[in-house]
Amino acid sequence: MRISVIIPTYNVENYIEETINSVLKSKDVSDVELIVVDDGSSDNTIDVLVEKFSNNNVLKIYQVDNAGAGYARNFGVLQSSGDYVMFLDGDDLLDEGLLYQVKRHLLQTSIDVLVFSYYEFDDQTNDIIVRQKMTDKNGKYGEVVWNKVYKREYLLKMMPLFPENVKFEDSAGIHLLMAYGDSGFIDTYGVRYRRKRANSITTLVGNGVPKS
């Protein structure tokens, strides 16, 4: 089973190395494809990617014109070759045991979407602010794209899934994916979501100008 991890980036030069390493240092990176799509960063993000990871055969780096996280995610899906796809923002961190647990779970089922829980942590102190628990019992699955693993063929049927140049572009797509696909939950916290960073890709669209 092959899993493609897609990371859209925009001006994350200070974070992207740590983010990618959180994937590469996972408990099980066999048959993992890592796709980074830089959304026209105006800082040194692409330079960091090339300098640190250009010789890594697990990772593929793409650079596109700035069109927002939605376009970058759609582009990444089309470039992917995994049986399943997951998304990770360029400033967040993957739990080292998530890929191992996800693979074990998906080998026993053929669901379209697998949901896991996540932490929100403070950018300055690294303290955990919130534990977002997702279970079939409480009915919560999160209006975000990055706390789930998706069957690639299911995503392709829904493409283009994420709109361009729209803030919080993943919300509508997530509701569609959860409404029409077979879903399940895994009891683990899989992502550490960074809070309070001013120019996060989830708070910027288009040319990088914040929108309310």
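Start at 1 with the first residue, then count along the sequence.
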Would you say [X] and [Y] make side-chain contact, with heavy atoms under 4.5 Å?
| X | Y | result |
| --- | --- | --- |
| F53 | L34 | no |
| F121 | L93 | yes |
| M178 | V115 | yes |
| V29 | V58 | no |

Please name the pair of heavy atoms, one in [X] and one in [Y], separated by the smallest distance, quoted to 0.1 Å.
| X | Y | result |
| --- | --- | --- |
| E33 | S80 | OE1-CA, 3.5 Å |
| S42 | N11 | N-OD1, 2.7 Å |
| L98 | F116 | CD2-CZ, 3.7 Å |
| T109 | Y84 | O-OH, 4.1 Å |
| V37 | G76 | CG2-CA, 4.0 Å |
| V113 | L177 | CG2-O, 4.2 Å |

Can you check whether [Y]'s main-chain N or O pairs, donor with acceptor, with [X]'s side chain at less than 3.5 Å?
| X | Y | result |
| --- | --- | --- |
| D112 | K151 | no |
| N44 | D47 | no |
| K148 | Y141 | yes |
| S183 | L114 | no |

Between [atom1] on residue [X] and [atom2] on residue [Y], distance to nearest 0.5 Å:
| X | Y | atom1 | atom2 | answer |
| --- | --- | --- | --- | --- |
| L49 | Q63 | CG | CD | 9.0 Å |
| L155 | N74 | CG | CG | 9.5 Å |
| L106 | I111 | CG | CD1 | 6.0 Å |
| F75 | D39 | CZ | CG | 11.0 Å |
| K103 | R2 | NZ | CZ | 9.5 Å |
| L161 | Y154 | CG | OH | 9.0 Å |

Should the heavy atoms of other residues, nucleotides or ligands under 6.0 Å from CD of Q79 be counted, would the total exceed 12?
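More than 12 within 6.0 Å, yes.
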Taking atom CG as the centre, does N21 end up with more than 12 heavy-atom neighbours from other residues, nucleotides or ligands that are less than 6.0 angstrom away?
yes
For I174 and V145: C-alpha separation, side-chain torsions, deciding distance, then whether side chain to side chain contact (heavy atoms under 4.5 Å, CB included) applies.
CA-CA 6 Å; I174 291 305; V145 69; 4.1 Å; yes
Over 60° means perpendicular and under 30° means parallel, so tell me whether F162 and F87 are parallel, tilted or perpendicular.
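Because their plane-to-plane angle is over 60°, the rings of F162 and F87 count as perpendicular.
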Which residue, I61, I20, L94, forms the side chain to side chain contact (heavy atoms under 4.5 Å, CB included) with I7?
I20
Considering the options L99, V102, N147, which one meets the side chain to side chain contact (heavy atoms under 4.5 Å, CB included) requirement together with M86?
L99
Passes side chain to side chain contact (heavy atoms under 4.5 Å, CB included), H175 versus E143? Steps please.
CA-CA 7 Å; H175 291 310; E143 295 185 3; 3.4 Å; yes
Decide yes or no on side chain to side chain contact (heavy atoms under 4.5 Å, CB included) for I35 and Y62, but give the supporting numbers first.
CA-CA 8 Å; I35 296 174; Y62 298 91; 3.9 Å; yes
Do D89 and R73 meet the salt-bridge criterion of a basic N to acidic O distance under 4.0 Å?
yes
R152 and S4: side-chain donor and acceptor closer than 3.5 Å?
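Checked: R152/S4 side chains show no N/O donor-acceptor pair below 3.5 Å.
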Give the intermediate values and the outcome of side chain to side chain contact (heavy atoms under 4.5 Å, CB included) for residues V144 and Y118.
CA-CA 11 Å; V144 293; Y118 64 91; 4.3 Å; yes
